[in-house]
Structure formats: structure tokens, C-alpha cells
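Read through the structure below, which is laid out as C-alpha cells, and then see the notes.
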Amino acid sequence: MYQIPRGTRDFIPEEMLKRRFLQQRMEAVFRRFGYGEIQTPTFESLELFTAKSGASILDELYNFSDKGGRELALRPELTAPVIRCYIERLQMAPKPLKLFYFGNCFRYDRPQKGRYREFWQAGCELIGTDTPEAQAELVALAYSILKGIGLQHIVLNIGNLHVIHALFAKLRISDAVKKDLLPFIDKSQYEDLFSALRANDISQADTEAFLEILQTPDLDKIQAYVRGHEKAESELARLRDIMELLQTSFGIPDARVKIGIVRGLDYYKGLVFEIEAPVLGAEKQLCGGGDYELVGLFGGTPVAQAGFAIGFDRALLALETERFTFPSPSLDAFVIPVTETAIGTALTVAQQLRSQGLTVDLDLLRRGIGKSLKYASTQQSRYAVIIGPKELEGGTVTLRNMKDGIQSSCAIADLTAALFV
Ligand code: AMP
């Protein structure tokens, strides 16, 4: 017996129905915000992913050499591929460029609930603008997608990496020590961070103040803390603008400032944001994004870039955990030829209804009326269309409402109209 590879999943029809439903809802919101879809290959040059992150990312990658000796990798994310495509084909396009994608990603992660080796991301890149309104719109888009699919409880945190740098500069913490401390911030392990700062001779008072700034949503407090650090001050002013726009123009009252968002420092620059679904527990992060710089690194003409990626599988898990009601599979009609002589007519009737846009199946097992009706109800069919010798003779069918069992005779010519009610 062959088994599915670890960390991957099959999706059977009832699962695909949910996934497609969700995908379509997400795509509709991207389009409403003026984004156009982009698709890139499933594998890329390995270098595309090691250029920014270095060899350390190899542990997480599915990489291989092909028969021509090329070093390739299954994509672990879609930002680098989209930027590669932008440089190859879209640099001259009018700005800003709004690109969205939906695709599978591969990471050699340790599989658990909400963490897979093949998973899907829905995300976007905004290229050519970094005005506060552009960045606010980007954050609002991520939030609107997750609200738009029906999630009730999500938490949106927004930070800025320049401010984090200013915090470290204020305590005169070296880059080497900073590197060791960042994972604690990333995982909100504040007790460990406290001990590590104290072990690096930071006073108790300074350590406590630092920890408070990482966690407080109060922009005034943060501003007072970084006063004198020019870049941090201007970035905080931008963050204030973004928060204001989110609240007043986008009607998002619950965005929260959290300076202690790190999100892979080698990637992002200023704005960073995360959206979580607390119902998911350990793997609760649904979306991460911010502004970053890859175009210059990949040899293009430097330009403002920002984007986010939503973990599609986790968004679905969160909806299921919140007991969202997904559409269930259903048929408009199930056609039942009662005798062999009715099979030809049954096929014709099914075809006629399908050509009118109705979803129709029919008995292909010659299993008789009782079993066929049972099957039709397992398929959630609204109607059964029964055709026996009597019906054949009169050019009619018997139409059975599967909900209440009420039957009536209907001329074949009137059937489409009867089913459209
Ligand atoms: P990242 O590209 O790491 O910022 O991830 C963006 C989003 O993708 C995360 O917030 C998660 O929701 C989702 N994600 C990342 N890794 C996995 C994984 N191994 N399995 C499922 N979802 C993931």
C-alpha cells in the first residue's frame, strides 16, 4: 500500500467544495481592491530563495537538481517568485502594481495541526508606493479578506521594525546579542527575554521599560521612549497615520499597535503586521506582511514594495473551529429511469436540464426507484425526476420534491421552468 507523503494532504470532494468556496471569496476581495492575479511556477532556481535568507533556509526547503544539473527548489513562499517575475516582465508597467496570488508552498516543517509540508497561501504584493494610505489599504485588505470569509474573531497587530532597532540602539545592544534576543521577541517569550537582557548587564529598570514598550499599544508611550531617534520618530508618525486611517477611513476599530512583531528581520524593513485567530491555539497566525526590499537585491530598479501572505489552510481551520456553515454539495435534480426503456429519455432529460445551467445527475446503476431515491437524498438533491412507462407514453415525468415527498406530473417541456423555482 502506498501512503501519502508526510505533511501533505488529499482533499476529497466535500473538502474541495469548502476550499474552492473560500478561495473564491478571498479572490473576490482582492479584485474589489483593484488587484490582478499572477501565477508563477511551482519550482524556481534555488538561488531565488537563498539570495536573501542565506544557506540557513536550506533546512526548510525541498530542493533538488534536475536532469540538466540545475539547482531548483519547490517554492516555500510566493513573494520572491512574484518579484522575480516583476523584474522580468513588469518593471515598466504603470504604478502602483497590485498583484495577488493563490498557490501551494512547500516547507520541510515539522507537521502538526495547522502546519503542513505542502500548504496554500493567498497573498499579494503592492509595488511602487509606500504612502501611509497605500500601507493602510494593504493592511485593510488583509483584514477585509479574513473578515469577508466569515471569521468572527481575529486579532490584528501592527508594528514597525525601525522602532525595534531604535529600542536596541537605546540600550546599546550589539548586533550579535540582538540576533540572539530577537527569537524571544518573535515568540513573545518575555520572561526569557527578561533573563537574557539582565544577563547582558541591562539594568532591571531598563529591562522592564524595554519589555513594556514591546507590548504596549500606547503610541504616546512608545514615542516618548524613542524620542531623539529620528528614523524611529518619523516611522512612528507614519504608524500613527496608518492607525488613524484604518480606524476612520477603513472602519477597522480593533487594529492594535504591537512593537514586538519581528517577522524575519532580514526580510522586512519598516511596517510589519500580523493577524491571528486565537481559536487556533498554537498555530494561530493567519497572516503576516509588511514592507520589504527584494527588487534591488534581485537586480531590478529599487522601488517601494509591500505585501502579505494569508495561510489559506489555517484560515479554513479557523472557520471550521468557529463552526462556520459552508455550502453543502447539492443537486437540482436526480433523474431516475424506472425501466430500461426509459434510459434514453432519462439521459436526454438530464442533458436538457444541464444545458439550462442546472446541476443534474441520474441513476447509472439501473438500481430501481427505491434505492435511487435513497441515493438522491444522500446527494442532497432538491428534486427527483422519475420516468417510467406511463410517463414515457404521455411525454411527462413525475417530479418529486425531495424535502416533503410531494409528487406531481410535469410535461417534459415544462420541466426546466418547474425546477428553477
Ligand atoms: P510566512 O510566509 O512564513 O510569513 O507565512 C505566512 C502564513 O502562511 C502564516 O501566517 C501561516 O498562516 C501560513 N503558514 C506558514 N507556514 C505554514 C505551514 N507549514 N503550514 C500551514 N500554513 C503555514
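Just follow the structure's listing: the first ligand is 1, and inside any ligand the first atom is 1. Since we're looking at a predicted model, the values are computed, not measured. The first residue of the sequence shown is numbered 1, and numbering continues consecutively from there.
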Passing option when Ser203 is tested against Thr207, Asp201, Asp206 for side-chain contact (heavy atoms from CB on, under 4.5 Å): Asp206
Aromatic ring proximity Phe326/Phe324, centre distance under 6.0 Å: yes
Side chain to side chain contact (heavy atoms under 4.5 Å, CB included) partners for Arg107, two or more places apart: Glu60, Pro76, Glu77, Asp109, Phe119, Gln121
Partners meeting side-chain hydrogen bond (donor to acceptor under 3.5 Å, both in side chains) with Arg256 (sequence neighbours left out): none
Listed once per pair and sorted, the salt bridge (Lys or Arg N to Asp or Glu O under 4.0 Å) pairs that draw on residues 30-47, sequence neighbours left out: Arg31-Glu37, Glu44-Arg84
Those protein residues which place at least one heavy atom below 4.0 Å from ligand 1: Arg107, Asp109, Gly114, Arg115, Tyr116, Phe119, Gln121, Arg263, Gln285, Leu286, Cys287, Ala309, Gly311, Arg314
Arg9/Asp313 ion pair, N-O < 4.0 Å: yes
